Amino acid sequence: MSQTQMGGSLPGSGSTHLDTLRQMRILAVDDVADNLDLVCAMLAKSGFSNVVTANNGRAALEQLRQYHDDDSSTIDIVLLDIMMPEMDGYEFCRIMRNHDEWSDIPVIMVTANASWEEKVARESFQAGATDIMFKPIRRVDLLPRVISALSLKRERDLRKRREHELEIELAERRIVEARLQHLVGHDDLTGLCNRRRLEQQLEVVVLRARKNQCSSALLYIDLDRFKVVNDAEGHMVGDRVLVEVSNMLRSKIGTRGLVARVSADEFAVLLENIPEIGALEQAEDLRRMMDDFQFKTLNRTYHIGTSLGVASIQPGDVVSASEILARADQACYVAKTHGRNQVHLFNKEDTEMVTLRSAIYWVPTIRDALANNKFKLVFQPVLDLRQRRATHYEALIRMVGEDGHLITPNNFIPVAEHMGLIHDIDLWVVAHAIDILHQQSDMGEISLNINLSSHAFQDAALLPLLKRKLEETGITAHRLTFEITETAAVANFAQTREMIMQLRELGCRFALDDFGSGFSSFSYLKEFPVDILKIDGAFITNLVNDPVDQSLVRSMIDIARTLGKQTVAEFVESKEVLDLLLQFGVDYAQGYYLGKPDPEFKPAQFD
Ligand code: C2E
Ligand code: MG
Ligand code: MG
C-alpha cells in the first residue's frame, strides 16, 4: 500500500471547483498491481494525485480506518475491484455501509465483465455501490464518473458541515438566551427574583384568580431604616443588610410564595391560594420578625424595621398585574405615613390619596412648564468609534425648577405618562429638537437621537408634526434617530412596528433603547424594523470586572451584526470600558467618560 503522488493536469482546465475536487482523496482497490498502476496513471494524468491504494478488501478497510482517525482528512471515493482474495469487493462494501461515518463515501465497482451482467450489477448495488464500470477501464469513462461522484460528495460534505455549524450556533445561542433569562429574572445581589420575574408570576396569578375561585395576595415590604445604615456604614454594609434580610424572608416564606427584591430596599412576597385574613397574618408575622431583627456591625446595633402593604387578589377580580403591584406599593406607602413598622391593607381611598398627592403637584407643574417654556433639552455626545468623533447627540429633556436647577426626567415622565400629558411632552421634544438642528446649521451635519415615550405611537399628531417641522426647516429626516425602549416596543409590538415603518419611510432612523433589560427572546428582533440597538447601561458599567456581562454584550453585538443592525453602548464611564468595547466591535459609545449631557453640543472627550 502506498500513496501515489503523480503530476499531470486536465488540458484547458483552470476551474477552482475542479482544482478542489483534485485535492480529494481516492482509494483504489485491486489485487492486480498492474490494474492499480493503470488507474493511478489515468487519474494522475488528469491531476488527481491524491490516490491511495489497497490490494484487497481488508487492506482497504485499514486505509479507511487510518484516514478516519485523522480528523482533517478522509477517503472521498472508492474505486473497487470485485474479485479479490481474502475479502472481495461485495463484502468490503457491505461492511463499509454498516459504518455511519463511511456511509456517504461513493463506491464505483469495477467488474472484470466486459459487458452488462444483471446479476453482478444487482449484487453490487445491493452491497452499497453507487456506480458500476466494466473492464478494461478507459480514461474517458472513468473521469466523468469520478468527477461527478466527487462533486456530489463535496456538496454533501459542505451541507453537513454547515448543518453542524448551525447546530452549534443554535446551541450557543440557546445557552446565552437561558443565561439571560436567568439574569433577567433574578437580582444579582440577593439571588431573589427581581421585579420583572415577580410581574410575570403576578400576571399568571391574576389570570388564575379570574378563572378559579381562589384568592391570593401580594405583600409589599419596605425597610424603614435601611437608608440610615447605608449612609452611616457605606454600601458594602448596606449590601450585607439586604442579603441578610433576603435570607430571612426566603427561609420564612419557603415554598409557600415567591420572594422578590423590587428595588433597592423594597421587597415583595406573592402568596397564592391564601384568604385575605391569612395574608394579613402572614404580613404581621413578617413585620414581627423584622421588628425583632437587629443588624450588628463592630460597634453598633441597628434596628431596621419594616412597613408592609397588602393587596389581595380576589376570585373574579378583573385587575391587571401592574395594578396589583401599584396597590400593594401604595398600601405600603400608607403604612409608612401612618408611622412605620405597620401592616396596611389596600383600600380604594388610599389610591386616590396617593395619586392625588403626586398629581396635584405635577400636573400643573408640567402644564406650566409646557406653557412657559420651562423645559429644555441637553445633549450628550454619541461617539462613532470608527470615525472617532461625535456625529450624533442624544437629546435629553430637563425641567427648569424654581431656582433654576434642572430636574431630570425620571421625576416627571412617569407622572406625565400616567396623567396623559406625555403626548404634549413628546411633541414639544420633537419640535424643539428639529428647531435646534435648524439653528445650529454651523455645526455641520450632526444628527440627533430623540427619546419617545411608549405612548408616542398612539399619538396621531406626531407624524404630521414631524413632517411639517421637517418641511419648514429643511432639515433632512436622516438626521433624526428616534429611541424607544425595548420594553415599550415589545409591549405594543404591532402598533410600534407600524409607526416605525412610517417614520422610516420618511427617512428617520430607529433605535431600541435599553436593549437587553426587558429581554424576553431575541426572536422578535428579526421582525422589528430598527436600525440600532442601544445596549442597556446596566450591562456596561461593570463590563471590565464582570465576565458574564462581557459575554452577554458580545453576544448582543453578534446578534445585531447578524441582523445588520448597529450597536451603541451607553453608560461608558471609563477608558477601560471604552477599550474593551472597541475590542468587542461596538459601533458607537456614549457615557459620562465621553461627555455628560450639556446644554451645548460639546465634542466627545477621550484619550
Ligand atoms: P435613556 O434614554 O436611556 O437615557 C440615558 C440616561 O442615562 C440619561 O439620563 C443620561 O443622562 C444617563 N447617562 C448617560 N451617560 C451615563 C453614564 O455614563 N452613567 C450613568 N450612570 N448615566 C448616564 P436622563 O437624562 O436622566 O434620562 C433618563 C431617561 O428618561 C432616559 O433614558 C429616557 O428614557 C427618558 N427621557 C429622557 N429625555 C426624554 C425625552 O425627551 N422624552 C422622553 N419621552 N423620555 C426622555
Ligand atoms: Mg435614550
Ligand atoms: Mg438608554
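Computed from a predicted structure; not experimentally measured.
In the model, Ser453 has a side-chain atom that pairs as donor or acceptor with a side-chain atom of Asp426 under 3.5 Å. Of the N and O atoms on the side chains of Gln330 and Tyr220, not one donor lies less than 3.5 Å from an acceptor on the other residue. Side chains of Asn247 and Arg250: a donor-acceptor N/O pair is present below 3.5 angstrom, by distance only.
Residues Phe226 and Val241 come closest through the heavy atom pair CD1-CG1, 4.1 Å. In this structure, Ser312 and Ile324 approach most closely via the heavy-atom pair O-CD1, 4.3 Å. Shortest non-hydrogen contact noted between Gly585 and Arg561 is O-NH2, 3.1 Å. Scanning both residues, Leu406 and Val400, for their nearest heavy atoms gives CD2-CG2, 4.0 Å. Minimum interatomic distance between Ser246 and Phe267 (heavy atoms only, all atoms of both residues): OG-CE2, 3.4 Å. Considering all non-hydrogen atoms of both residues, Pro414 and Asn411 come closest at CD-C, 4.4 Å.
A salt bridge is absent between Arg261 and Glu266: the closest approach of a Lys/Arg side-chain nitrogen to an acidic carboxylate oxygen does not fall below 4.0 angstrom. Using a cutoff of 4.0 Å between basic side-chain nitrogens and carboxylate oxygens, Asp514 and Lys534 are not scored as salt-bridged. Salt-bridge check for Asp265 with Lys227: failed, with every basic side-chain N at 4.0 Å or more from each acidic carboxylate O. One finds no salt bridge joining Asp222 and Arg340 here, because no Lys/Arg side-chain nitrogen approaches an Asp/Glu carboxylate oxygen to under 4.0 Å. A salt bridge links Asp579 with Lys575: the distance from a Lys NZ or Arg NE/NH1/NH2 to an Asp or Glu carboxylate oxygen falls below 4.0 Å. Under a 4.0 Å N-O distance rule, the pair Arg195/Glu199 qualifies as a salt bridge.
Listed by chain and number, the residues in a side chain to side chain donor-acceptor pair (under 3.5 Å) with Ser307 are Asp224 (sequence neighbours excluded). Every residue two or more places apart in sequence or in another chain that forms a side chain to side chain donor-acceptor pair (under 3.5 Å) with Asp403 is listed here: His405. Partners of Glu244 under the salt bridge (charged side-chain N to carboxylate O under 4.0 Å, His left out) rule, at least two apart in sequence or in another chain, do not exist in this structure.
Here the side chain of His186 pairs no donor or acceptor atom with the backbone of Cys193 at under 3.5 angstrom. A distance-only check finds a donor-acceptor pair linking the side chain of Glu570 to the backbone of Gly537 [under 3.5 Å]. In this structure a side-chain-to-backbone donor-acceptor pair under 3.5 Å is present from Asp546 to Val548. At least one donor-acceptor pair closer than 3.5 Å links the side chain of Ser320 to the backbone N or O of Glu323.
The number of heavy atoms from other shown groups lying within 6.0 Å of CD (Glu165) is above 12.
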Audit row: Leu452, Glu483, side chain to side chain contact (heavy atoms under 4.5 Å, CB included) steps and yes/no
CA-CA 6 Å; Leu452 287 179; Glu483 294 188 6; over 6 Å; no
When you look at Leu465 and Val430, which way does the side chain to side chain contact (heavy atoms under 4.5 Å, CB included) test go after all the steps?
CA-CA 8 Å; Leu465 170 91; Val430 170; 4.1 Å; yes
Determine whether Val237 and Val229 satisfy the following criterion, side chain to side chain contact (heavy atoms under 4.5 Å, CB included), listing intermediate values before the conclusion.
CA-CA 8 Å; Val237 176; Val229 193; 4.1 Å; yes
Carefully, step by step, assess Phe412 and Phe375 under the rule ring pair (Phe, Tyr, Trp, His ring centres under 6.0 Å).
CA-CA 11 Å; Phe412 54 86; Phe375 282 121; 5.6 Å; yes
Apply side chain to side chain donor-acceptor pair (under 3.5 Å) to the pair Asp187 and Thr190, showing each step before the final yes or no.
CA-CA 6 Å; Asp187 171 49; Thr190 62; 2.5 Å; yes
When you look at Trp428 and Asn373, which way does the side chain to side chain contact (heavy atoms under 4.5 Å, CB included) test go after all the steps?
CA-CA 10 Å; Trp428 184 92; Asn373 236 351; 3.6 Å; yes
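At least one side-chain heavy atom of Val568 sits less than 4.5 Å from a side-chain heavy atom of Gln590. Between Leu198 and Val262 the shortest side-chain heavy-atom distance falls below 4.5 Å. Put simply, the side chain of Phe515 does not reach to within 4.5 Å of the side chain of Thr567, judged on heavy atoms. Considering only heavy atoms from C-beta on, His235 comes within 4.5 Å of Asn230 through its side chain. Side-chain contact between Asp549 and Ile540 is absent, with no heavy-atom pair separated by less than 4.5 Å. Proximity of Ile532 to Asn449: side-chain heavy atoms (C-beta onward) are nowhere separated by under 4.5 Å. Side-chain contact between Arg479 and Ile446 is present, with heavy atoms from C-beta onward closer than 4.5 Å. Residues Leu581 and Tyr588 fail the side-chain proximity criterion, which asks for heavy atoms closer than 4.5 Å.
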Please report, to 0.1 Å, the donor-acceptor pairs under 3.5 Å made by any side chain of residues 593-603, with sequence neighbours excluded.
unit_1, atom_1, unit_2, atom_2, d
Tyr593, OH, Asp607, N, 3.4
Asp598, OD1, Glu600, N, 2.8
Asp598, OD2, Lys602, NZ, 3.0

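By the 30° and 60° cut-offs, the orientation of the rings of His338 relative to His344 is perpendicular.
Sequence neighbours left out, the pairs with a member in residues 363-385 that pass salt bridge (Lys or Arg N to Asp or Glu O under 4.0 Å) are Asp368-Lys374. For residues 492-512, the set of pairs meeting the salt bridge (Lys or Arg N to Asp or Glu O under 4.0 Å) definition, not counting sequence neighbours, comprises Arg504-Asp531.
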